[in-house]
Amino acid sequence: MRDTDKNTDNRQVDLDDEGVHWDQAMSYGQYLNLESLLDCQRPLSREHDEMLFIVIHQASELWIRLCLHEAHGAAEYIRHGDLRPAFKMLTRVARIQEQLINAWEVLVTMTPADYLSFRDELGQSSGFQSYQYRELEFLLGNKNARMIEAHRAHSRHYDRLHEVLHAPSLYDITLQQLDKRGFDIPDDRLERDWSEPYIASSRVEAAWREIYRDTETYWDLYELAEKLVDLEYNFQKWRFSHMKTVERIIGYRRGTGGTGGVSYLVKALDLQFFPELWSVRTLI
Ligand code: HEM
């Protein structure tokens, strides 16, 4: 049996015995813009596995979108020395990264033959051109000015990447906090050309050593350090799984983006966002 109820704006809303609203002004699909979202999967071939390939990339981009939202939010809180809300956001980024890492398990159900059946359709498109991924790398501190060249043709993406490239990274902001808390951070790590890659410093390493050796006194900074390590650890796991998945699916072919393929992805494993947070572990 259904009955009706008055909504706050006086519209008649159908309810059943359990109070379910059947006829709503704002539906699930409208709120989530589902028709548009589910209209974005448009395979170029008739091959069954192309749908998986598209969905996994789109889902990853959505998760990266949320990572950016959370990591920018965390950077803002750290900048103001308000670490507790930042911890929550950084924890969320780490959980999202776990989703991104697990996604490879779905993708590896695609064999080399499955992929080759539609690979030509991709032309020169490649994850290398993911502007969100590049923004996340810049925000975390992997500054490489050359990487924005791939986006020159698209001014909105180019300008955004240019802005984040030239702004302090999450780690730069963290070091500024250490300075405010009285640690001896070199001046040229506190103010510099932010678009240049960060170079590790023994004085920064000494600051972290003090924090790790006296966690009682510096509990919040110690916790911040471990949250950052979580992010970098997960990022590397993602990079490694990507590289192994690519090796498994295309072997040592060149990438559609024009790089050497696996050889390019292996090199990325040497990158570090927070170098002293790794080197300090030998010294504690
Ligand atoms: C069959 C699956 C995949 C293959 C064969 C593949 C292959 C490659 C290759 C060869 C590169 C190096 C650039 C190039 O020459 O194209 C690359 C880069 C990249 N791929 Fe994939 N990929 C796959 C799936 C994915 C997925 C699901 C994502 C998720 C978003 C992704 C994101 C990226 C990103 C962000 C880069 C740039 C990495 C960097 O510059 O460090 N890839 N991919």
Side-chain angles (χ1 to χ4, degrees), residues 40-45 47-69 71 93 96-152 154 157-158 160-161 164-165 169 197 231-273:
C40 291
Q41 297 68 46
R42 299 183 174 194
L44 294 176
S45 72
E47 301 297 334
H48 180 84
D49 285 49
E50 193 182 350
M51 184 58 97
L52 162 66
F53 188 77
I54 291 173
V55 168
I56 208 122
H57 278 87
Q58 291 183 343
S60 299
E61 289 289 342
L62 281 175
W63 280 129
I64 296 173
R65 185 181 181 144
L66 188 56
C67 281
L68 283 171
H69 181 67
V93 174
I96 298 165
Q97 288 175 305
E98 286 164 17
Q99 299 296 318
L100 285 163
I101 294 163
N102 279 334
W104 296 115
E105 297 306 316
V106 185
L107 189 61
V108 290
T109 60
M110 186 171 73
T111 67
D114 295 334
Y115 179 58
L116 287 176
S117 69
F118 63 85
R119 189 185 192 223
D120 285 348
E121 304 292 341
L122 309 180
Q124 293 180 339
S125 74
S126 160
F128 185 74
Q129 298 143 356
S130 166
Y131 47 89
Q132 288 206 114
Y133 179 83
R134 210 54 73 196
E135 179 175 341
L136 189 58
E137 281 213 320
F138 288 170
L139 177 59
L140 294 183
N142 178 25
K143 298 292 182 77
N144 182 345
R146 234 168 12 117
M147 289 299 184
I148 65 175
E149 292 311 315
H151 303 277
R152 227 177 233 291
H154 198 301
H157 302 155
Y158 183 87
R160 175 70 184 157
L161 283 174
V164 180
L165 176 70
S169 71
L231 295 204
E232 175 141 13
Y233 181 74
N234 283 344
F235 213 101
Q236 286 293 42
K237 275 166 92 173
W238 184 89
R239 281 187 178 131
F240 182 80
S241 305
H242 180 215
M243 183 273 289
K244 286 313 271 186
T245 308
V246 171
E247 186 181 20
R248 185 170 166 170
I249 296 179
I250 64 166
Y252 301 99
R253 285 184 169 81
R254 295 191 75 77
T256 46
T259 75
V262 168
S263 59
Y264 169 84
L265 300 173
V266 166
K267 258 191 252 145
L269 295 175
D270 286 335
L271 296 168
Q272 276 190 327
F273 298 127

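As the structure lists them, so they are numbered: ligands from 1, and atoms in each ligand from 1. Side chains included, hydrogens not; waters and symmetry mates left out as well; all remaining heavy atoms used.
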Would you call [X] a ligand 1 contact, heavy-atom distance under 4.0 Å?
X: W238; answer: yes
X: R134; answer: yes
X: M110; answer: yes

Query raised in the report: Any salt bridge between E149 and R152, counting N to O under 4.0 Å?
Result: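 Yes, charged N to carboxylate O under 4.0 Å.
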Report task. Go through ligand 1 atom by atom and flag the ones less than 4.0 Å from a non-hydrogen atom of F53. Result -> 1 (C), 2 (C)
**Report entry** Numbering as shown, the atoms of ligand 1 that approach G258 to under 4.0 Å (heavy-atom distance)
**Finding:** 15 (O)
Should [X] and [Y] count as side-chain neighbours, where that means a heavy-atom distance under 4.5 Å?
X: W238; Y: H242; value: yes
X: M243; Y: V246; value: no
X: F128; Y: M147; value: yes
X: L52; Y: T109; value: yes

Query - Per-residue contact class, L107 against ligand 1 - non-hydrogen pairs under 4.0 Å - result: side chain
Query raised in the report: Where does Y131 meet ligand 1, judged by heavy-atom distances below 4.0 Å: at the side chain, the backbone, both, or neither?
Result: neither
Is it the case that ligand 1 has an N or O less than 3.5 angstrom from some N or O of [X]?
X: I249; result: no
X: Y264; result: yes
X: W104; result: no

Query raised in the report: Applying the side chain to side chain contact (heavy atoms under 4.5 Å, CB included) test to C67, which of L231, L140, L62, L136 qualifies?
Result: L136
Requested in this report: Please check if any side-chain donor atom of E50 sits under 3.5 Å from a side-chain acceptor atom of S45, or the reverse.
Outcome: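 A donor-acceptor contact under 3.5 Å links the two side chains.
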**Report entry** Test item: side-chain donor near acceptor, S117 and D114, under 3.5 Å
**Finding:** no
Query - Exceeds 12 heavy-atom contacts within 6.0 angstrom, atom CZ of R119 - result: yes
Query - More than 12 heavy atoms of other groups within 6.0 Å of F240 CZ - result: no
**Report entry** Within-2.8 Å protein N/O/S contacts of atom 21 (Fe) of ligand 1
**Finding:**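 Listed by chain and number, the atoms are H242 NE2.
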